[in-house]
2 protein chains.
Amino acid sequence: MTRAQQKERTRRAIIDAAFAQLSPDKGFSSLSLREVAREAGIAPTSFYRHFADMDELGLTLVDEAGLMLRQLLRQARHRIEKNGSVIRTSIETFMEFVVGNSNVFRLLLRERSGTSAPFRRAVAREIQHFCAELADYLRKETACPDEFAQVQAEAMVTLVFHAGADALDASPDLRLQITHKTITQLRWLAHGAAGYGRRPKE
Amino acid sequence: MTRAQQKERTRRAIIDAAFAQLSPDKGFSSLSLREVAREAGIAPTSFYRHFADMDELGLTLVDEAGLMLRQLLRQARHRIEKNGSVIRTSIETFMEFVVGNSNVFRLLLRERSGTSAPFRRAVAREIQHFCAELADYLRKETACPDEFAQVQAEAMVTLVFHAGADALDASPDLRLQITHKTITQLRWLAHGAAGYGRRPKE
DNA sequence: AAAATTAGCTTACAGATGTAAGCTAAATGT
DNA sequence: ACATTTAGCTTACATCTGTAAGCTAATTTT
């Protein structure tokens, strides 16, 4: 095995170890270099061969999480083509992601309002990408007036992320309730945005 | 001065010190007992005469923050009586709070999605009180159907809190934009919730 | 084949942290 | 008045942290 391959493998081990150590009780900021290194199977100081900082690791994790989000949106689109109900399908897809990758979602949630400004910016950027893609979709595929699409998309993402956050701590059937509630909220929003053109300002 | 008075005074000093040490770069979990004690002007171990834990301190802070929130809502109501525009007035009142008490608001924001389950529950409870009061108001004073009031209130609070979070990092004129955007979003919601009675389910 | 690079290791250190043990002195209770 | 309680202090300790210094051995380069 080549040296570059080995290095990449260790790098992944570090990233995976970090994701694995995140939990409901442990955010990224309370991860320690030593623990991550231990779980990755390397000596503490070897960590520095791959990342200058824990911060650099963290930003890498956020990047990966953002990537997953965007893949999610495309997956939802495929499902919509076969299913029809846009809002319901999207939310259900999202909920599956949250439940199945809770560590990833929690990372975004926490660092969005965390103590590190660079982290906050990184998360904000990922979510903004997500919003922009959704806005595009709304413009093309729904009755939403073009100039409202972005604002509507942001509101929708806000509500859905919040629902996801609630779902993290919830039992499966409470999760269903949350899904229901969120669907209602998004429909109100879509309805309002579609039928409110007459009053664009103040 | 009586002993009880002195004790209460020190207790306040601790609470104030804790609030003062919160910052954009420092959340509650990264506060250290020693630093708080230092700022409060007592020895590290004296802290334990007032709180069993740092956690106990933290929950006290969350309680105080929740109290402020509820006072805020009443203040907004007074203003509405004199001003008229419900949504605009409410959001502007909220934004003033966020800017003027950023440490308090940040505490709620962060611990809402933080690593401590008790903290998350405490914050969730405070926000839920806030939602319930708002729902009451919507039922009494607006065209919102009774059974939708709670769900609408929750969506509104979600959007407004999110706007507050964005405003924390924003420049004053970006803050105005955010306020504007949020007003639009809340109007859509109100509009949708009011005119959507025909389709209560699915 | 020799030289250079580098992924990873071991050892070592200084600093901060939470908290236990035991003291002092002032306010309280009787 | 004396006895009790207690707010706060000082000292001490074990633990965990990030990271610096210097080594080894294997891969790459020349």
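All of these numbers come straight from a predicted model, not from anything done at the bench.
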Could you tell me whether the side chain of [Y] reaches within less than 4.5 Å of the side chain of [X], counting heavy atoms only?
{"X": "A:T179", "Y": "A:I183", "value": "yes"}
{"X": "A:F148", "Y": "B:T184", "value": "no"}
{"X": "A:L159", "Y": "A:L186", "value": "yes"}

Exercise. Determine, for A:E64 against A:R12, whether the closest basic-nitrogen to carboxylate-oxygen distance falls under 4.0 angstrom.
Key: yes

Tell me: [atom1] of [X] to [atom2] of [N], nearest whole Å?
{"X": "A:L33", "N": "D:dT19", "atom1": "CG", "atom2": "P", "value": "7 Å"}
{"X": "A:L57", "N": "D:dG18", "atom1": "CG", "atom2": "P", "value": "12 Å"}
{"X": "A:R49", "N": "D:dT27", "atom1": "CZ", "atom2": "P", "value": "16 Å"}

Assert: residue with more 5' nearest nucleotide on DNA chain C, out of B:S32 and B:T2, is B:S32

Residue pair B:M54/A:I42 against DNA chain C: nearer the 5' end by closest nucleotide is A:I42

First and last nt of DNA chain C near chain B, cut-off under 4.0 Å to heavy atoms, 5' to 3', are C:dT17 to C:dT28

> Within the structure shown, what part of the strands sits under 4.0 Å from A:T45 by heavy-atom distance: base, sugar-phosphate, or nothing?
Replying inline: base

| query | With a non-hydrogen cut-off below 4.0 angstrom, is B:E35 in contact with a base, only sugar-phosphate, or nothing? | reply | sugar-phosphate

field: Geometric class of the A:F105/A:F161 ring pair [parallel <30°, tilted 30-60°, perpendicular >60°]
entry: tilted

Partner of A:E133 under salt bridge (charged side-chain N to carboxylate O under 4.0 Å, His left out), picked from A:R139, A:R77, A:K140, is A:R77

Minimal heavy-atom distance between B:L67 and B:E126, with the atoms involved, is N-OE1, 4.4 Å

Check nucleotides 1-5 of chain D against the protein and report each pair of N or O atoms closer than 3.5 Å, with its distance, or say if there are none.
residue	atom	partner	partner atom	Å
D:dT5	O2	B:R3	NH2	2.8

